[in-house]
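A quick write-up on the structure given underneath.
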Protein chains: 2
Amino acid sequence: MSTENPTGKASVRTKRADAVRNQQTLLAAAAEVFVTSGVDAPIRQIAAKAGVGMGTIYRHFPTRADLVTAVYRHQIEACADAGPRLLAEADSPFDALRRWIDLFVDFLVTKHGLADALQSDSSRFTALHTYFLDRLGPVCTELLTAAVDSGDIRPGTQPYELMRGIGNLCIGRDSDPRYDPRRLIELLLLGLRQPRQT
Amino acid sequence: MSTENPTGKASVRTKRADAVRNQQTLLAAAAEVFVTSGVDAPIRQIAAKAGVGMGTIYRHFPTRADLVTAVYRHQIEACADAGPRLLAEADSPFDALRRWIDLFVDFLVTKHGLADALQSDSSRFTALHTYFLDRLGPVCTELLTAAVDSGDIRPGTQPYELMRGIGNLCIGRDSDPRYDPRRLIELLLLGLRQPRQT
DNA sequence: CCTGAACCGGAACGTTGCTCCACATATTAT
DNA sequence: ATAATATGTGGAGCAACGTTCCGGTTCAGG
């Protein structure tokens, strides 16, 4: 993203030390606040936790989605990387898909309100939505087509639709103990499964 | 609810005429605003549309959920009533379930942000959530057990879970044209279906 | 050391939910 | 008809929040 400058040298002026320090502080503070107050925590609260002004947050992360993305980038990457690996080591493409979805669900479910944020009003959090899709979409596509090609599942399901549906099912998990998205997702997978024809 | 007084006479003082008039005006205004701005429309906006003060709204509908409930009560009732009817006239319990879910989805999908509101943070909209459950829960239970008893679907799925899952899948439908909750719900039903065992 | 660019803090503004109470009005009693 | 009282109404006021903006500060390069 725009906050990185890989080589660090050359033409453009190097980033100021206090700036990168603040950015780190902010990421740490945000991560901490997110677990207790969810990704919708007031900006002021995060700023206070980090001991900086609000202006500083907006400078580094123009939208809330940018901040959330930055905080969870590592985990999203890990999930993305797991896709091809699972495809290689799992018993079947279907098994790989199932296990990848498990990972995805674990991720969404352990972050308070992440799933909620992901799907909320089209306008807010657009960047987050986009990042998820860009990074995880292709992985899902790969898993899905592999499973279709092997005849494990029926064709006709779009990766976007599947990811979004799973994301939706994970919404509001905290609010009620008798709701466990995993059971429904299991059902979904069952429906996806191709009835072995002859 | 507390706003009705069937016989209108007797012990308790009858409701003031201007009050019931305002209530009607409010319901109409709210319904109108909901279609254009969603169920999250600012209270002020609804008050303005109805030509009353905010205090009046809060008097008649203490929480936003009360207002939403009142506006959609008729349709919820209709959906609830359709359950037993479908069970009687459909080809099979599974067919009845499928058609009932269709109705449910239609309802959620045509009201901007209704599904979103239904599941949002546990705290807000509790009353709406409760009303849905109280009214539609038993119907869903009936359909579900009938389908299980007839061997159409596999046992082990809770009505609450199913309803909530369907509600979740309907969230944010407007935001993206390539997402159609119905396809996923179809998949879910497919997974629910009992593989005919000899 | 000097200077400009980058950075910082937080005041300020607009929007929203919700409460509260002086005032207005309908209903009932006289 | 008039007064008494319960009931309903309007909107100012408060708190919380997102977001912008800009005067002052601090770093990095020369």
Could you go over nucleotides 9-13 of chain D and give all protein N or O partners under 3.5 Å, atom names and distances?
unit_1	atom_1	unit_2	atom_2	d
D/dT9	OP1	B/N22	ND2	2.1
D/dT9	OP2	B/H60	NE2	3.2
D/dG10	OP2	B/G53	N	3.0
D/dG10	OP2	B/T56	OG1	2.6
D/dG11	O6	B/G55	N	3.2

Separation of [X] atom [atom1] from [N] atom [atom2], in whole Å?
X	N	atom1	atom2	answer
B/R21	D/dG8	CZ	P	13 Å
A/K15	D/dG29	NZ	C1'	18 Å
A/Q45	D/dC17	CD	P	8 Å
B/I57	D/dG8	CD1	P	16 Å
A/Y58	D/dT20	OH	P	7 Å

Surrounding NZ of A/K111 (heavy atoms of other residues, nucleotides or ligands, distance under 6.0 Å), is the total greater than 12?
yes

Partner set under side-chain hydrogen bond (donor to acceptor under 3.5 Å, both in side chains) for [X], not counting sequence neighbours:
X	value
B/D95	none
B/R99	B/E89
B/Y58	none
A/E186	A/R98

What are the 5'-most and 3'-most nucleotides of DNA chain C lying under 4.0 Å from any heavy atom of chain A?
C/dA5 to C/dA12

N/O (side chain, A/T14) to phosphate O (OP1/OP2, D/dG29) under 4.0 Å
yes

Which heavy-atom pair separates B/F34 from B/V71 by the least distance, and what is that distance?
CE1-CG2, 3.9 Å

Compare every heavy atom of B/L128 with every heavy atom of B/L118, then report the nearest pair and how far apart it is.
CD2-CG, 4.1 Å

Using modelled atom types and a 3.5 Å cut-off, is there a donor and acceptor pairing between side-chain atoms of A/D66 and backbone atoms of A/T63?
yes

